[in-house]
Every structure is written in structure tokens, then in C-alpha cells.
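Here is the naming used below: chain letters follow the sequence lines, and residue numbers restart at 1 for every chain. Since we're looking at a predicted model, the values are computed, not measured.
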Amino acid sequence: GQQVMQIPQYQHVQEGEDFTTYCNSSTTLSNIQWYKQRPGGHPVFLIQLVKSGEVKKQKRLTFQFGEAKKNSSLHITATQTTDVGTYFCAGQDDMRFGAGTRLTVKP
Amino acid sequence: GAVVSQHPSWVICKSGTSVKIECRSLDFQATTMFWYRQFPKQSLMLMATSNEGSKATYEQGVEKDKFLINHASLTLSTLTVTSAHPEDSSFYICSAQPSGGELFFGEGSRLTVL
């Protein structure tokens, strides 16, 4: 079945620095979803990417879907303490999640 | 957005007992729900896909007799951890897709088996 790999596993940044997490699939994805889980909370949907090469923005967050629809990235510009949490990608084909990237932000 | 409610949030039980966790879709009907297990600081591991009116589809390595799933109505799926042992202690979380798009998650249930 589909395998979704996500790197890095952890990322610690100074507030104001940028942050990027990458998601790679062993197979072509019909679409990919990104979720954020705050410490102690449950995952919350951020966005879904469907088209090859698609780029979507949500304020300081930029999401990209690769041309081959096998990889995706989430980039946060000028991180804030409210960005703390674990970011997961998931292929909608079978709802399996990547390992997640845990982001911590030092004020 | 859609609301998925999960109960209980916390449960502590003795080894050997069974625990039932409920997952309800409050404002939509869910023919399919997903059950995940999450260990501390780790990812969500898909355990099974719950299908209304039929048997659940379990992921490889997940014991169906250990983790009983019942999806008797379009708004309720239950996960029963039978004969629980300390290694079953974990965070169990359900989710549903109202329209085949994004997943809406329940609040999760933290199980501690003594």
C-alpha cells in the first residue's frame, strides 16, 4: 500500500525564522491533505492539494504539491509561537498519515 | 465545520477488563469512520476503517478480536478494547469524512490500563 514519508521528524526554530516540512509518497497520490495537531489536541485539517504542481497559501503558510503528485511541502514564513505543534500529511487514497514533523518555536 | 464527538476523553481500567469508546458524528451522517491509535510523540496509526452496516476493515497487524468495531448507525461507531493490557494504553482517536474530503477528528480518548 501507499507509504508516506515525512521529514524532518523534529524542527526547533527561533521565532521569526522560517520552517519547512516535506512529505514524500512511494506512489502517485490522487490528492494530499495537511493537518496540524497542537500538543494535547486532535488533528485539525489545514488544506487539501489536488492538482499537479498546485500551490496554495494561507497567510504565512504555503503548501505545494509536486508535479508528479508524489511529494508535497508545507512552508511557514516567520514562525510564531502559535505555530507550535505537529504537522502531518496524509494521502486521501487510504487515509494513512506521515510520521509528522514536530515544530517548536523559541520566543 | 462538521463535528465529531468522542467519549470518554479519559479512561483508566484494570488489566483484563474491556473498554468501549464511542465516536459520534453530530451534524452529518458518516457511512465510514476511521480509527487511529497514537503513541506519545508519534504519528497516527490507522487501525481500521469502520463501515456502517458491515464489518470493519482492519489494517495489517491489528487484531480484530482485540479491537472490536461496531458501526451500527450512520452517526455512531464504537471501538471496544477487549481484555485490555498495559501495552494497550494509548491515545485512540476517530475521524470521519462528511463529504469525502477533509477528515474531522474526535477529541480522542486516552486509555490507561493498570
Asks: For Gln38(B), is it the side chain, the backbone, both, or neither that has a heavy atom closer than 4.5 Å to a heavy atom of chain A?
Replies: side chain

Asks: Quick check on Ile93(B) against chain A: is it the side chain, the backbone, both or neither that has a heavy atom closer than 4.5 Å?
Replies: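 Interface part for Ile93(B): side chain.
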
Asks: Can you say whether Gln37(A) sits under 4.5 Å from chain B via the side chain, the backbone, both, or neither, judging by heavy atoms?
Replies: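 Side chain only.
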
Asks: Of all heavy-atom pairs between Thr28(A) and Ala68(A), which one has the smallest distance, and what is that distance?
Replies: CG2-O, 3.7 Å

Asks: Hey, which of Gly108(B), Ser95(B), Gly106(B) has the most heavy atom pairs under 4.5 Å with chain A?
Replies: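 Top count of heavy-atom pairs under 4.5 Å with chain A: Gly106(B).
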
Asks: For Gln42(B), is it the side chain, the backbone, both or neither that has a heavy atom under 4.5 Å from a heavy atom of chain A?
Replies: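 It is the backbone, since no side chain atom gets that close.
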
Asks: With a 4.5 angstrom heavy-atom cut-off, could you sort out which part of Leu46(B) is near chain A: side chain, backbone, both or neither?
Replies: side chain

Asks: Only one of Gln64(A), His75(A), Gln11(A) forms a side chain to side chain donor-acceptor pair (under 3.5 Å) with Thr20(A), so which one is it?
Replies: His75(A)

Asks: Side chain of Ser43(B), backbone of Gly98(A): donor and acceptor closer than 3.5 Å?
Replies: yes

Asks: Charged N to carboxylate O under 4.0 angstrom, Glu67(A) versus Lys69(A)?
Replies: no

Asks: Using non-hydrogen atoms only, which part of Phe34(B) is less than 4.5 Å away from chain A: side chain, backbone, both, or neither?
Replies: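 Looking at Phe34(B), just its side chain touches chain A.
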
Asks: Minimum heavy-atom separation for Tyr58(B) to Val62(B), with atom names?
Replies: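 The pair with the smallest heavy-atom distance is CD2-CG1, 3.8 Å.
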
Asks: Using non-hydrogen atoms and a 4.5 Å limit, figure out which bit of Glu59(B) sits close to chain A: side chain, backbone, both or neither.
Replies: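 Glu59(B) touches chain A through side-chain heavy atoms alone.
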
Asks: State whether the side chain of Ser109(B) and the backbone N or O of Pro8(B) hold a donor-acceptor pair below 3.5 Å, judged by distance alone.
Replies: yes

Asks: With ring centroids as reference points, do Phe97(A) and Tyr35(A) lie under 6.0 angstrom apart?
Replies: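 Yes; Tyr35(A) has its ring centre under 6.0 Å from that of Phe97(A).
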
Asks: Between Phe104(B) and chain A, which part of the residue has a heavy atom less than 4.5 Å away: side chain, backbone, both or neither?
Replies: neither

